[in-house]
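The structure displayed is predicted, hence computed values, not measured ones. Hydrogens, waters and symmetry mates play no part in the numbers below; they use all other heavy atoms, side chains included. In each ligand, atom 1 is the first atom listed, and ligand 1 is the first ligand listed.
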Amino acid sequence: MTELEPRAFSTPGKALIIGGYLVLDPKYKSFVLALSARMHAVVRASTRPDISGVYLKVKSTQFNNNEWNYKVSRDSGYVPLEINDLNNPFVEQVVFNVFNYFFPDQIDYNYIEIDIFSDPAYHSTEGSRRKSNQYKSFNFHDKDINEVHKTGLGSSAGLVTVLTASLCYVLIKDHNLNVLNPEHLKMVHNLSQVAHCQAQGKIGSGFDVAAATYGSIIYRRFTPAIIAELPGVDIRFVDKYHKALKSLIDRVDWKIVCEPVKLPPRLKVIMGDVHNGSETVKLVGTVQRWYANNLPRSHDIYEEINANNIIAMNKLIKLYHRSEENPQYYEKMIDNLNKDKNSDPDINELIGSINKIRELFRTITKESGADVEPMVQTQLLNNCLDLNGVIGGVVPGAGGHDAVALIMTEKTDINEATKNNTLFKNVTWMDVKQEQIGLKEENPKHYEDLLFDDEL
Ligand SMILES: Nc1ncnc2c1ncn2[C@@H]1O[C@H](COP(=O)(O)OP(=O)(O)O)[C@@H](O)[C@H]1O
Ligand SMILES: C[C@@](O)(CCOP(=O)(O)OP(=O)(O)O)CC(=O)O
């Protein structure tokens, strides 16, 4: 039995700070922050002459030892067959697409094992026990993955991207996958978008997969039709899907924008979990119906939101440049914000544009009935904005009752500022930071010998 050298990868979670709903249209740009909470995969593969075709085991030991076991073969168009009839559409679509992309004749390593890990912030900690080693800490639940409450950081997009990278490593020529090679990143990104889109049933702009791959970015989506136009699987002509997919991944111009961005220095994002959960699909459907039934006024509202989105994004970029041009002055200016939020014209315009975006989303909320910025969230955000050092706040992504995202000075201690204050009793400040990096190489040894913290 020969073994492939084990490798590990991770991808970040996301917060869509600017551009919710509009980003579903390829016309509009958005601002996405990658977060320090990551999805991880450790991949091992070996040659097993006793097994015919390919056997793939995906394990998620953190969730009641969940695992999915697939058989795949070229003869059946690489449609994965789960041997216990278990469902995980995200894993299935990754397997299907990565195998179809490479369409291997013969597979050197036909027994593949992938261990998945999710950082603690993705899920509610309720009923979990922490296991750690000197490098990593993960929560272990005695419930299945689908029964544990999510915090909305984009676990499925992170999972799809990190699994895609892992399988690409096994199948790419000479196993030379390099996360620093832009061509390889593009391949992982495009394959992940296809798999995520198919698993989700074609909703979603793909900003979460883009952030999982590229980190914090200004994002403009691809045209949805390019994925919808892929042919179905045809067992009689197994290479039909392969050929179309290969062309889509390598040759079609996706007209996508994924430009790396950073929050200006000395500012940070803080995510607050409001523990309620919202259904993005329902919200999107309701807003889209409102849009269609209220043209051309709804279009004007989107255009006005977009004008303010652009101001906010440009101000964030400008502040970043100012920090580089005159670091001392910039540092003082940020320190001043702790006393007077209106002391700088760029910050003023940033605050003004975010307020306007929120106001327009409240109009949509009222007119459509979709809780994009419901009253409780308005109150919570306004209370946050009253705190020293907090300069902006939004309900991220689709809005709703899930979370709030705040931009504040690095010196602001949100836990301290809201401690014992009943106005903030329903919110838990999450232990996540903004991050630059998307798909990252990890050390597979860092996932070994995890021990329960309470037994250390
Ligand atoms: N750690 C994990 N192990 C296995 N599957 C996971 C894991 N995390 C997420 N998933 C898959 O992703 C699904 C959740 O995706 P989704 O509902 O889109 O949530 P999110 O908003 O976090 O992306 C789960 O039902 C499961 O199929
Ligand atoms: C409405 C949207 O523009 C933003 C939704 O963002 P969320 O962060 O709320 O998404 P989920 O975590 O997938 O529920 C739809 C989209 O762009 O996909």
Residue, atom name and distance, where the atom is the protein heavy atom closest to [atom]:
| atom | answer |
| --- | --- |
| atom 18 (O) of ligand 1 | Ser156 OG, 2.9 Å |
| atom 2 (C) of ligand 2 | Tyr21 N, 4.0 Å |
| atom 19 (O) of ligand 1 | Lys150 NZ, 3.1 Å |
| atom 1 (N) of ligand 1 | Ser118 OG, 2.8 Å |
| atom 7 (C) of ligand 1 | Ile145 CD1, 3.4 Å |
| atom 17 (O) of ligand 2 | Ser205 OG, 2.6 Å |
| atom 25 (O) of ligand 1 | Asn146 OD1, 2.4 Å |

Is ligand 1 under 4.0 Å from a heavy atom in the side chain of [X], in the backbone, in both, or in neither?
| X | result |
| --- | --- |
| Phe117 | neither |
| Met39 | side chain |
| Trp68 | side chain |

For ligand 2, indicate whether the residue Leu22 contacts it via side chain, backbone, both or neither (heavy-atom separation under 4.0 Å).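 The answer is neither; Leu22 stays 4.0 Å or more away.
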
For Asp402, which part has a heavy atom under 4.0 Å from ligand 2: side chain, backbone, both, or neither?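 It is neither; nothing of Asp402 touches ligand 2.
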
Take every heavy atom of Gly152, measure it against each atom of ligand 1, and state whether any distance is under 4.0 Å.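 No.
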
Can you confirm, on distance only, whether ligand 2 has an N/O atom lying under 3.5 Å from any N/O atom belonging to Thr280?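 N/O-N/O distance under 3.5 Å: yes.
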
Regarding ligand 2, does Ala398 bring an N or O atom to under 3.5 Å of one of the ligand's N or O atoms?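 The answer is yes, given that Ala398 and ligand 2 share an N or O pair closer than 3.5 Å.
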
side-chain hydrogen bond (donor to acceptor under 3.5 Å, both in side chains) pairs, two or more places apart, involving residues 154-165: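 Residue pairs with at least one partner in residues 154-165: Ser156-His196, Thr164-Ser192.
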
Under the ring pair (Phe, Tyr, Trp, His ring centres under 6.0 Å) test, residues paired with Tyr122 that sit two or more places apart: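 Once residues adjacent in sequence are excluded, Tyr122 has no partner under the ring pair (Phe, Tyr, Trp, His ring centres under 6.0 Å) criterion.
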
Ion pair Asp115/Lys59, N-O distance below 4.0 Å: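 The answer is yes: the pair qualifies as a salt bridge.
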
Should one rank [options] by closest heavy-atom distance to [atom], which comes out on top?
| atom | options | result |
| --- | --- | --- |
| atom 6 (O) of ligand 2 | Ala157, Ser30, Gly397 | Gly397 |
| atom 1 (C) of ligand 2 | Val284, Val395, Val287 | Val284 |
| atom 3 (N) of ligand 1 | Ser155, Ser60, Ala41 | Ser60 |

With Val395 as reference, evaluate Asp402, Val372, Leu381 under the side-chain contact (heavy atoms from CB on, under 4.5 Å) test and give the passing residue.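 Exactly one candidate clears the test, Leu381.
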
Considering only heavy atoms of Leu159, which atoms of ligand 1 have at least one such atom less than 4.0 Å away?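 Within the 4.0 Å cut-off of Leu159, ligand 1 contributes 5 (N), 6 (C), 10 (N), 11 (C).
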
So is Asn88 polar-close to ligand 1, meaning N/O to N/O under 3.5 Å?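 N/O-N/O distance below 3.5 Å exists for this pair.
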
Given salt bridge (Lys or Arg N to Asp or Glu O under 4.0 Å), test Glu367 with Arg362 step by step and report yes or no. CA-CA 9 Å; Glu367 292 191 10; Arg362 285 198 295 273; over 6 Å; no

Centre of Tyr111's six-membered ring, under 6.0 Å away, within 45 degrees of the axis: is that where NZ or CZ of Arg48 sits?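 Yes - Arg48 lies over the ring of Tyr111, closer than 6.0 Å to its centre and within 45° of its axis.
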
Under 6.0 Å from the ring centre and within 45 degrees of the ring axis: does the NZ or CZ of Lys262 meet both conditions for the six-membered ring of Tyr320?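 No cation-pi geometry.
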
Under 4.0 Å from a heavy atom of Val23: which atoms of ligand 2 are those, numbered in the order shown and with their elements?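 Close to Val23: 3 (O), 17 (O).
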
Just jot down the ligand 2 atoms closer than 4.0 angstrom to any heavy atom of Gly204, in number order.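 In order of number, 18 (O).
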
As a quick check of understanding, evaluate side-chain contact (heavy atoms from CB on, under 4.5 Å) for Asp253 and Lys255, giving each step before the final call. CA-CA 5 Å; Asp253 179 1; Lys255 300 197 177 91; 3.8 Å; yes

Crowded around Lys57 NZ? As in, over 12 foreign heavy atoms under 6.0 Å?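 Enclosed: over 12 neighbouring heavy atoms sit under 6.0 Å from NZ of Lys57.
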
If only side-chain N and O atoms count, and only distance matters, is there a donor-acceptor pair under 3.5 Å linking Arg7 with Asn443?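 Side chains of Asn443 and Arg7: no pair found under 3.5 Å.
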
Donor-acceptor pair between Asp449 and Asn133 side chains, under 3.5 angstrom: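 Asp449 vs Asn133: no donor-acceptor pair found between side chains.
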
Quick one: does Lys14 get within less than 4.0 Å of ligand 2, heavy atoms only?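 Contact check Lys14 vs ligand 2: positive.
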
How far apart are the C-alpha atoms of Tyr135 and Tyr447, what are their side-chain angles, what is the distance that settles it, and do they pass the side-chain contact (heavy atoms from CB on, under 4.5 Å) test? CA-CA 8 Å; Tyr135 308 104; Tyr447 302 83; over 6 Å; no

Just do the side-chain contact (heavy atoms from CB on, under 4.5 Å) check on Phe63 and Ile116 with the steps written out, would you? CA-CA 10 Å; Phe63 299 92; Ile116 313 251; over 6 Å; no

For a salt bridge (Lys or Arg N to Asp or Glu O under 4.0 Å) check, start with the C-alpha distance between Lys71 and Glu82, then their side-chain angles and the critical distance, and finish with the verdict. CA-CA 7 Å; Lys71 281 185 170 170; Glu82 211 288 327; over 6 Å; no

